[in-house]
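Below, chain A is the first sequence line, B the second, and so on; all start at residue 1.
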2 protein chains.
Amino acid sequence: MNDVQADKVSFRDVKAELLRRITEREWGPGALLPGEVELAAEFQVARATVNRAMRELTEEGIVERRRKAGTRVRPSPLRAARFEIPLVRAEIEATGAAYGYRLLERRVVVAPDWLAARLALAAGVRLLYLRCLHVAGAAPYQHEERWISLAAQPAAEAEDFAESGPNEWLIRAVPFSEVEISFLATAAEGGVAWALAMAEGEPVFTVERTTWWQGQAVTHVRLSFGRGHRITTRY
Amino acid sequence: MNDVQADKVSFRDVKAELLRRITEREWGPGALLPGEVELAAEFQVARATVNRAMRELTEEGIVERRRKAGTRVRPSPLRAARFEIPLVRAEIEATGAAYGYRLLERRVVVAPDWLAARLALAAGVRLLYLRCLHVAGAAPYQHEERWISLAAQPAAEAEDFAESGPNEWLIRAVPFSEVEISFLATAAEGGVAWALAMAEGEPVFTVERTTWWQGQAVTHVRLSFGRGHRITTRY
DNA sequence: AGCTGCTATTTGTCTGACCATATCGTCGAA
DNA sequence: TTCGACGATATGGTCAGACAAATAGCAGCT
């Protein structure tokens, strides 16, 4: 008997072992893995345990599964990376710096065409337009340019957003059902460059996020980060 | 009796209903949800089914769970966004354009200091340095600048990478255990600007990826995308 | 007041049995 | 030869029961 001291085998152990066999090319790209029952017998666990291990590997993009066809190692690792997107305030305070906020501009506007198209708004809809700056210690950290649909969220018009950012208000006040996030690189220009203390045309890491509630666009925001900002994930 | 036609209730139904109550503020940010047993009784399902629904909500950053303390709606939605990172070839072919590849430069170099530091390499380690261009139809799509550790991967020196990219070779040939990915904005300069047909200093969406195998750095790559590139995800 | 240890409660995981669903092969009919 | 029906098979999911692990909150001690 080996396994004299055998600790209980968990789905984590199974998953780790399967991952080992895959990364060490015991099962190369495209290879067919044994079925769940077979692996359950090998590891001396219930099939449900193997199932959970393999399901997590599927979610991480390591393997592909199809009924009857079985489980295969993905030929080209379409690895999915997860990025956590915290609130600016939390992000800044996590670095140890003091969080500061300044409202730069606040106007009611009619939706410009490009935005109306993107949010599928009727022409001439009124929006609350805001520009504000999030500061880490003394340094500008993030410039926020936001449009809030007053049709979807009339209460926003009564808020002045002088003391705290619209994001924090929206999270408390507005539910959302669907979100689209984009990452891109833009050139700093005009108010953005000025607010972030950057030269005109400098590259800026930018996040755009649009939020809907029950099919209706609630808000669109463009976040521009200060010089050298990057987001990182490991796995 | 309602539920006359009652379809079988699945963890998906439970999850959707919990999510509905959360997004519609029936349970607002920070609120404590009922325990698993209670919900299982309410939905007339096994506790395991409720557990799976709630576990998935946890993974998506919607709720927080702690033993004995119960399950709470996250006060600030630290929503995790998933981005799928395919191979360039697949990414280009998915748009319908023909994929093209050109090797721009291939040299053996000693690790520059900044890279040696980042990869935790000994000073003076030999690396294979490559620059290449991935083309979509007629337009340059992505500039790739890559360093491959010849200590970790000596076989790379025998490859000429004239016909297909180092990424495709590495995926076939080299396992990896750990990956770090960053997104950032940089300024196009020199060879990058030229290859992508951009002006000097134009903003470029850039991805950096470092790969390790069993604690040893295998490769570091810097991918620069053409004008206007963005990556997007919805949920 | 502050510390320590206990306990009840809640989530985490495993088991083995069962049925559901998708689909690959095969076999037979047109 | 081609098409369609059908059975075998692998994964998908549910269930009830059991035990493990973490910990909030309490009781009792110093």
Report the distance from atom CD of A:E59 to atom C1' of D:dG12, rounded to the nearest whole Å. 13 Å
Distances under 3.5 Å between protein N/O atoms and the N/O atoms of nucleotides 16-19 of chain D, please, pair by pair.
from	atom 1	to	atom 2	distance (Å)
D:dA18	N6	B:R47	NH2	3.3

Salt bridge (charged side-chain N to carboxylate O under 4.0 Å, His left out) involving A:E38 - partner list, sequence neighbours excluded: none
Quiz: residues 132-142 of chain A side-chain donor-acceptor pairs under 3.5 angstrom, not counting sequence neighbours:
from	atom 1	to	atom 2	distance (Å)
A:H134	ND1	A:Y99	OH	2.7
A:H134	NE2	A:E144	OE1	2.6
A:Y141	OH	A:E91	OE2	2.9

d(CD, A:Q44; C1', C:dG16) in whole Å: 14 Å
Rounded to the nearest Å, what distance is computed from the CD atom of residue A:E56 to the P atom of nucleotide D:dG12? 13 Å
Suppose we screen for side-chain hydrogen bond (donor to acceptor under 3.5 Å, both in side chains). Which residues come up paired with B:R67, at least two apart in sequence or across chains? none
Between B:N51 and C:dT13, is there a contact of a side-chain N or O with OP1 or OP2 at under 4.0 Å? no
So, does A:T71 get its side chain near the phosphate of D:dT11, meaning an N or O under 4.0 Å from OP1 or OP2? yes
Chi angles and distances behind the side chain to side chain contact (heavy atoms under 4.5 Å, CB included) call for A:I231, A:F183: CA-CA 10 Å; A:I231 64 169; A:F183 295 156; 3.2 Å; yes
Please tabulate, for the side chains in residues 24-34 of chain A, all donor-acceptor contacts under 3.5 angstrom to protein atoms that are two or more places apart in sequence or on a different chain.
from	atom 1	to	atom 2	distance (Å)
A:E24	OE1	A:R20	NH1	2.9
A:R25	NH2	B:I171	O	2.6
A:R25	NH2	B:R172	O	3.1
A:R25	NH2	B:V174	O	3.3

To the nearest Å, how far apart are B:E64 CD and C:dG12 P? 12 Å
Using whole Å, report how far CZ of B:R65 lies from C1' of C:dT9. 14 Å
Show which side-chain atoms of residues 161-169 of chain A pair as donor or acceptor with protein atoms under 3.5 Å away, not counting sequence neighbours.
from	atom 1	to	atom 2	distance (Å)
A:E168	OE1	A:R89	NE	3.4
A:E168	OE2	A:R89	NE	3.0
A:W169	NE1	A:E159	OE2	3.3

Across all chains, not counting sequence neighbours, the salt bridge (charged side-chain N to carboxylate O under 4.0 Å, His left out) partners of A:R234 are B:E178, B:E180
Closer than 4.0 Å, any side-chain N/O of A:S10 to the OP1 or OP2 of C:dC14? yes
Could you work out, with salt bridge (charged side-chain N to carboxylate O under 4.0 Å, His left out) as the rule, every residue matching A:R230, not counting sequence neighbours? B:E208
Distances for protein N or O near nucleotides 24-28 of chain D N or O, under 3.5 Å:
from	atom 1	to	atom 2	distance (Å)
D:dA24	OP1	B:R66	NH2	2.7

